[in-house]
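These figures come from a predicted structure and were not determined experimentally. Letters A, B, ... mirror the listed sequences (proteins, then strands); counts begin at 1.
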Number of protein chains: 2
Amino acid sequence: MKIEQATIKDIARELNVSSSTVSRALKDYPGISDETKRKVKELAKKLNYRPNAIALSLRKSRSFTIGVIIPEVVHFFFSTVISGIEEVAYSRGYNVILTQTNEKLDREQSSIDTMLSNQIDGFLVSYSKETKDFNHFSRLLDQGYPIVFFDRVPEIPNAINVMVDDYQGAFDAVSHLITQGYSRIVHLAGPKNLKISQERERGYRDALKNYGIAIDEDLIVECPIGTSDEGQKITKSLLDNLKQTPDAFFGNNDMAAVGAMLACKAAGLRVPEDVGIVGFSNWQFCSMIEPSLSSVAQPGFNMGAKATEMLLDIIEKKVNPEEVKEALTLETELLVRKSSVRLKG
Amino acid sequence: MKIEQATIKDIARELNVSSSTVSRALKDYPGISDETKRKVKELAKKLNYRPNAIALSLRKSRSFTIGVIIPEVVHFFFSTVISGIEEVAYSRGYNVILTQTNEKLDREQSSIDTMLSNQIDGFLVSYSKETKDFNHFSRLLDQGYPIVFFDRVPEIPNAINVMVDDYQGAFDAVSHLITQGYSRIVHLAGPKNLKISQERERGYRDALKNYGIAIDEDLIVECPIGTSDEGQKITKSLLDNLKQTPDAFFGNNDMAAVGAMLACKAAGLRVPEDVGIVGFSNWQFCSMIEPSLSSVAQPGFNMGAKATEMLLDIIEKKVNPEEVKEALTLETELLVRKSSVRLKG
DNA sequence: TTGTAGGCGTTATCAT
DNA sequence: ATGATAACGCCTACAA
C-alpha cells in the first residue's frame, strides 16, 4: 500500500556502485568523481530520495528531537511558550515532541519514560501542580540528560531554569495599586507549591511593606485552580465576609483577576473607582474587556525561545553545562490599563 | 557524560545468554523457562532497561509517532484541537510531533519533509492560509501516507476530513440575529480560499434568503488577518462610509466580532440595543467581556480527538482507508449571550 | 528451551 | 576514487 521510500541502497543498485559511494556523493565528501556525484544526485532527485532520520538516529545515538513536557496546551501563556520553542527548534533543525500532563504527576512520569525510549536529545519542562518532589528529574540530570526548566522551575542542584521575574512583576503591580490610592489589597494567590506563586506572593508582601502597609493575612487567599469561576466565587465570599471590604485585587493570574472583576461588578462596585484590579500574564482578552484589565506581561514566546536555545547549546556542546549560568530571569512588564487607574494623569 | 542506556545485549552478556533469549523473555514469548524469564526481568529492572524506540522504528518501519501540522499554536481553537490530539495519541501509545506553519506555505512544505524523514506513521493537518493548491498533499495521499485533515480541509480526492458544520453554525447565528429583529447584518468574513470561510458565508447568505432579506454585497467584508484590531478598523470604516448604518455584525471569528463591538461602542452605539453581535469559535473571553459575546461554539477538543482516532484506526489497519467515510462533520452550538439579545424572553 | 544470522538505513573505518 | 565491512539496538526466521 504505502509506497516504499527510496534508500541509498536503491540508488547504489541502480547505478552499480556501492552504498558508501552514494552516501559520500550525497554529502559532497571529497574523493568522489564529479561524474559519479552528478549521477547519484540526479537519481536521488528522481527517486525523491529522503534520508531516513530514524536510521541516522540509531547510528548517531542522536534523534534531533527535543521533548516538551507542559501542564496544559490550552493555556494562553503556555501556548505562547510552545510557539517560541517551536520556532527555535525548527530553525535549528530539531523536532519537537509534545506532551501535556494535565497537571498530573503520573503523566509527567510516563511522558518522561516514552521520551527516554525515543532517545530524545533533551527535555524542556514545566512541571505539574501535583509535582512536589523532583527525584524523577534529579535522576535524569544525574544521568546526564540535558533539561531546561521554564516558568515552573524546581530548586534542585544543577537544574537550568528559565523564568520570569515573578517577584518584581508582583512588586510592580502592587506598588502601582498603592500609588493609585488603594490600600486594602487582596492577593488571589496561586498554588503554594509552585515557586512562581511563592515569588508573586513575596512581591506582594514586599510592596506593601515598602509602603508601610501592614499585611493582613486574611487578604491572601489561595486560588488553586486558577479559573475565572473560582476567582469569582472566592471574591464574592470575600466581599460577603470580610469586616472591612477590600479596595483592590491583585490576581496571580488573569483568570482570577477577571473573576474578581465580575464579582465586584455584580456586587455593585465600580472598577476602577471603588476597586482596582491587576492580573498577571496579559492574556489576549485583557484589552478586550471593560474596563480593560491591567496586567503583568510575561514574555512567553521569548521564554520558550531562550529555553530552547540554552537546551540546544548544551546538546550541541556549544557550551558546557557547567558553564551555563543556572538561571535566566526574564523581565516582566506591567501594562497599566483602565482597571487600576483612578488618579488623573 | 551521558550515562549509556542498558541494551538487550548488556543483559544478555551479563546473564550469559543470547540476546534473542533476552528479547523473548522480556516480552513473555512462549518457550522460555520461567527461571530465565525471572532472571532477565530482574536484571532488566535493575539496569533500568528501556527498549530503544528508535531501533524498533527502524526494524518495523513504524515510528509510533504522528505529525501535526497546524497554522498556529497560540490560537484558542487550535490549542484545543491539539489538546484533543494529544490525549488520544497518548492513550494509544503514540507520540505527537508538532509544527506550526505560521500560515506560511513553505513551512508547511518543509514540515512535511522533515516528518517524512522521520518516518512518521501519519499526518494530521490543518493547512495554512497561504495554501491554495494541494498537490503536496495529493502526492502524499497517492503514496499511501495516511492523512486526516481537520478544520481547514481541502477538496481533493481521497482526503479524509474532520470539520465542524460551519454552514449550519453560521446559519443558526444569523437566523438568531434576524429573529432578534436585526436586519442589516454585516458579515466579517474570513479568507476566501478557506473552505470554512466559504461555508460560513454560505450559511450567512442562506439565512438571509430564508427570511426573505435581500443580500447587500457591501455588507460582506473580508477580514484576512482575523485580529480584533483588524475587525475594529474595518467596522469603523463601515460605520463611517455606509449610507445606511448596519444593525448587526456576524464575525467569522470571535476576534473580529470583538473588534466590531469595540468599534461600535466607540461610535456611541449600544450593544445589543442598537447593534447585535455574534462571533464564531467561543473563545474563553466571550463570557468575560461586557456585554458577553454570543458565539458559535466549535468542538475543538472533540475534533482533535476524533481526527486522531480516525488516523490511528487507519494506521493500525483497523479500518480500510477506502471504507472510512471521507468526511466527519461535527455539530456546532450557538451560545446566545447578551451581545445579541434585545427582545424580552 | 535457547542460539545464530540477517536485516531495517546509514555511515565510519579500513581496505583496495 | 571506490568498495567491503561492521556497527547502532532490536526482532524473527530458522536451526539446534
Side-chain angles (χ1 to χ4, degrees), chain A residues 2-41 43-44 47-65 93 114-121, chain B residues 2-41 43-44 47-65 113-121:
Chain A
K2 186 147 89 191
I3 289 179
E4 300 299 325
Q5 268 294 324
T7 71
I8 280 190
K9 279 190 187 171
D10 297 329
I11 300 180
R13 197 174 322 115
E14 189 135 345
L15 256 38
N16 275 316
V17 293
S18 75
S19 359
S20 351
T21 303
V22 175
S23 170
R24 286 188 276 238
L26 286 171
K27 350 192 59 171
D28 282 323
Y29 265 48
I32 297 286
S33 74
D34 287 350
E35 175 63 4
T36 316
K37 246 186 225 174
R38 202 188 46 71
K39 282 200 291 190
V40 166
K41 287 187 173 173
L43 185 56
L47 295 182
N48 198 13
Y49 169 76
R50 215 186 299 280
N52 183 324
I54 295 287
L56 270 170
S57 297
L58 185 58
R59 185 90 229 286
K60 311 226 169 182
S61 309
R62 296 261 287 93
S63 63
F64 287 92
T65 298
T114 41
M115 288 184 175
L116 286 177
S117 262
N118 282 279
Q119 316 295 112
I120 59 160
D121 296 340
Chain B
K2 187 145 90 193
I3 290 180
E4 300 299 322
Q5 267 296 323
T7 71
I8 280 189
K9 275 190 191 169
D10 297 329
I11 301 180
R13 196 175 322 117
E14 189 136 345
L15 257 38
N16 275 316
V17 295
S18 74
S19 7
S20 21
T21 302
V22 175
S23 169
R24 287 188 275 238
L26 286 172
K27 349 192 58 171
D28 281 324
Y29 265 47
I32 297 285
S33 73
D34 288 349
E35 175 62 3
T36 317
K37 247 187 227 176
R38 202 187 45 70
K39 282 200 289 191
V40 167
K41 289 188 173 173
L43 184 56
L47 296 182
N48 198 13
Y49 169 76
R50 216 184 300 279
N52 181 324
I54 295 286
L56 272 169
S57 297
L58 185 58
R59 180 87 227 286
K60 309 229 167 178
S61 309
R62 296 258 293 93
S63 63
F64 288 93
T65 298
D113 277 348
T114 41
M115 287 184 176
L116 285 177
S117 262
N118 281 279
Q119 316 295 111
I120 58 160
D121 296 340

Open item on the list: One thing to verify: whether A/D34 and A/K41 come together as a salt bridge, which I'm taking to mean a side-chain N less than 4.0 angstrom from a carboxylate O.
Closed with: no
- [ ] Quick one: label A/S20 by what it contacts on the DNA or RNA (base, sugar-phosphate, nothing), any heavy atom closer than 4.0 Å.
- [x] base
TODO: Give A/N16 one of three labels, base, sugar-phosphate or nothing, depending on what nucleic acid heavy atoms sit under 4.0 Å from its own.
DONE: sugar-phosphate
- [ ] Report yes if a side-chain nitrogen or oxygen of B/K9 is closer than 4.0 Å to either non-bridging phosphate oxygen (OP1 or OP2) of D/dC8; otherwise report no.
- [x] yes
TODO: Choose from D/dT2, C/dG3, D/dC10 the nucleotide whose nearest atom is closest to any side-chain atom of B/T21.
DONE: C/dG3
Open item on the list: Can you identify which nucleotide, out of D/dC11, C/dC8, C/dT2, has its nearest atom closest to the B/L58 side chain?
Closed with: C/dC8
TODO: Looking at every strand, decide which applies to B/S57 at a 4.0 Å heavy-atom threshold: base, sugar-phosphate, or nothing.
DONE: nothing
TODO: Determine whether more than 12 heavy atoms belonging to other residues, nucleotides or ligands lie under 6.0 Å from atom NZ of A/K39.
DONE: no
Open item on the list: Regarding A/T36, tell me which of base, sugar-phosphate or nothing describes its non-hydrogen contacts under 4.0 Å with the strands shown.
Closed with: sugar-phosphate
- [ ] Could you tell me whether the phosphate oxygens of D/dG3, OP1 or OP2, come under 4.0 Å of any side-chain nitrogen or oxygen in A/S18?
- [x] yes
Task: Donor-acceptor side-chain pairing of A/S18 and A/T21 below 3.5 angstrom - done: yes
Task: Side-chain N or O of A/K60 closer than 4.0 Å to phosphate OP1/OP2 of C/dT11 - done: no
Task: Pair of N/O donor and acceptor under 3.5 Å linking D/dG3 base with A/R24 side chain - done: yes
Open item on the list: Check this for me: does any side-chain nitrogen of one of A/K60 and A/D121 sit under 4.0 Å from a carboxylate oxygen of the other?
Closed with: no
TODO: Kindly say if B/Y29 contacts the phosphate of C/dT1, meaning a side-chain N or O under 4.0 Å from OP1 or OP2.
DONE: no
Task: 5' precedence on DNA chain C between B/G31 and B/A55 (nearest-nucleotide basis) - done: B/G31
